[in-house]
Peer 1: 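One structure, as structure tokens, below. Some questions next.
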Amino acid sequence: MTVKYDLLQDPNDKAERAFEQVLEAFKTHHVNPTPLNFAVWYTYFRGNEPRLREEMETILADSFGYSDRYGKELFNKYLLDNDDAMAELDRAIRHLINSIAKKIEQLAQRLDQQTQKLESCTVKLKEDLQPDELKVVAQTVLETAQTLKHDSLEFEQNLLTSAQEIQRLRKELIEARAMSTQDELTGLQNRRAFNETLAQLTVDYEDRPERLHLIMTDIDHFKKFNDTFGHLTGDSVLRFFSKLILKTQGENEAAFRYGGEEFAIVLWDSSLEDVRARAQALREKLQEAHLKRKTDQKPLGTITASFGIGEFKGPEDTIEAFIERADKALYLAKKCGRNQVKTEFDQGCG
Ligand SMILES: Nc1nc2c(ncn2[C@@H]2O[C@H](COP(=O)(O)OP(=O)(O)OP(=O)(O)O)[C@@H](O)[C@H]2O)c(=O)[nH]1
């Protein structure tokens, strides 16, 4: 089947039109109405991601046509990391909800006015004229009015349901986005979320830089651990450490897997001393844990981690330099024998 849709050049309301096209196409191509498929088809009809459009046209021209698998592939390839496309989608859905809500309101008003008019007409008919025929006519008009009112309510309800559907869709899209910032192994937020959080907080804390800190932490001798106990047990340790971070987490902090066996904790509204105490407490908790290998209950020995703390410097600072200072402090903690906490202000090992 060869299908090629007219892609809109410049209509006044591209978002709404694209949405209608998506609904039509879903019916024609028997597409599952999932948020992911919606995002892909919407972007296709909006025509603002040429590579996705090209691939979609090839898929639609193929005799097997579109399937969820293609949807997932296209979403991951072109939309997952495409902030502009996701923002556009978000705006479109918001706009759509507003316009549907407005339509519901207008329609309800219009039907209500008509119904009232009809009702007053029939009252007049009944009062002024008595003949039986007119009574019948009056009755008919009254019944029509009632039907009209009933229909209008039903219609209003239908529209409301579609508005709710769209809201649900939007929520799911937001959740799908949140998933894309989650690290699969540990459940912590990933590096991408870390970058976004730091970008936001460094702006928020420009005039209180001494209240924004970063802990970089890294499990000690993890290579040796993996070599001794196996990679899967190593994974369990990473999960255990992540859970420990989350379990002991304060209100003003967010934790991320920075990569490999390295984690980052961003803390705001906290003094350097609070942050040092937080890192020390976490260090001790990890050291005290007596973990055993799942398969044979073999004790895994003492597991430790080193910690480096950086403090934000304000507008003249950069995110890269901020991370680098915390990393340097972590390196110092490693150099001084591991299983310890160092800040960027510490010079030597003492
Ligand atoms: N099990 C497991 N291991 C990982 C993962 N990511 C990274 N690693 C391992 O972590 C180890 C890190 O090794 P190194 O950077 O040499 O550091 P280290 O052995 O921890 O030594 P120090 O950091 O100097 O204490 C490597 O062996 C990686 O393979 C992961 O997701 N799971």
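Each ligand, and each atom within it, is numbered from 1 in the order the structure gives.
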Peer 1: Using non-hydrogen atoms of the residue, decide whether Arg257 is closer than 4.0 angstrom to ligand 1.
Peer 2: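 Yes, Arg257 has heavy atoms under 4.0 Å from ligand 1.
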
Peer 1: Side chain of Ser306, backbone of Asn339: donor and acceptor closer than 3.5 Å?
Peer 2: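 Present.
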
Peer 1: Specify the protein heavy atom at minimum distance from atom 7 (C) of ligand 1: its residue, its atom name, and the distance to 0.1 Å.
Peer 2: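 Answer, as residue, atom name and distance: Gly260 CA, 3.6 Å.
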
Peer 1: In terms of side-chain geometry, is the basic nitrogen of Arg51 or Glu55 positioned less than 4.0 Å from the acidic oxygen of its partner?
Peer 2: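 Salt bridge flag = no for Glu55 with Arg51.
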
Peer 1: Numbering the atoms of ligand 1 from 1, which are under 4.0 Å from a heavy atom of Asn226?
Peer 2: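 So the answer, numbered in order with elements, is 1 (N), 2 (C), 3 (N), 4 (C), 9 (C).
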
Peer 1: Checking Arg191 against Phe194: charged group under 6.0 Å from the ring centre and within 45 degrees of the axis?
Peer 2: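 Output no; distance or angle outside limits.
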
Peer 1: Hey, looking at atom 14 (P) of ligand 1, which of Lys224, Glu184, Glu261 has the closest heavy atom?
Peer 2: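 Closest candidate by heavy-atom distance is Glu261.
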
Peer 1: Could you pull out, from Lys334, Lys223, Lys335, the option with a heavy atom nearest to atom 22 (P) of ligand 1?
Peer 2: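 The nearest heavy atom belongs to Lys334.
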
Peer 1: For ligand 1, which atoms have a heavy atom of Arg338 less than 4.0 angstrom away?
Peer 2: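 Those of ligand 1 that fall under 4.0 Å from Arg338 are 22 (P), 24 (O), 25 (O).
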
Peer 1: Give a yes or no on whether a salt bridge exists between Arg53 and Glu49, defined as a side-chain N under 4.0 angstrom from a carboxylate O.
Peer 2: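 No salt bridge links Arg53 with Glu49.
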
Peer 1: Taking both backbone and side-chain atoms of Ile219, is any N or O found less than 3.5 Å from an N or O belonging to ligand 1?
Peer 2: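 Indeed, backbone or side chain, Ile219 has an N or O that close.
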
Peer 1: Any idea which atoms of ligand 1 are less than 4.0 Å away from a heavy-atom of Asp235?
Peer 2: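 So the answer, numbered in order with elements, is 1 (N), 2 (C), 30 (C), 31 (O), 32 (N).
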
Peer 1: Give the atom numbers and elements of ligand 1 that come within less than 4.0 Å of a heavy atom of Asp220.
Peer 2: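 Matching atoms, with element in brackets: 25 (O).
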
Peer 1: Would you find more than 12 non-hydrogen atoms of other residues, nucleotides or ligands less than 6.0 Å from Lys328 atom NZ?
Peer 2: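 Open.
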
Peer 1: Checking Glu73 against Arg69 for the salt bridge (Lys or Arg N to Asp or Glu O under 4.0 Å) test, could you report, in this order, the C-alpha distance in whole Å, the side-chain angles of both residues, the deciding distance, and whether it holds?
Peer 2: CA-CA 6 Å; Glu73 261 175 43; Arg69 185 172 64 81; 3.1 Å; yes

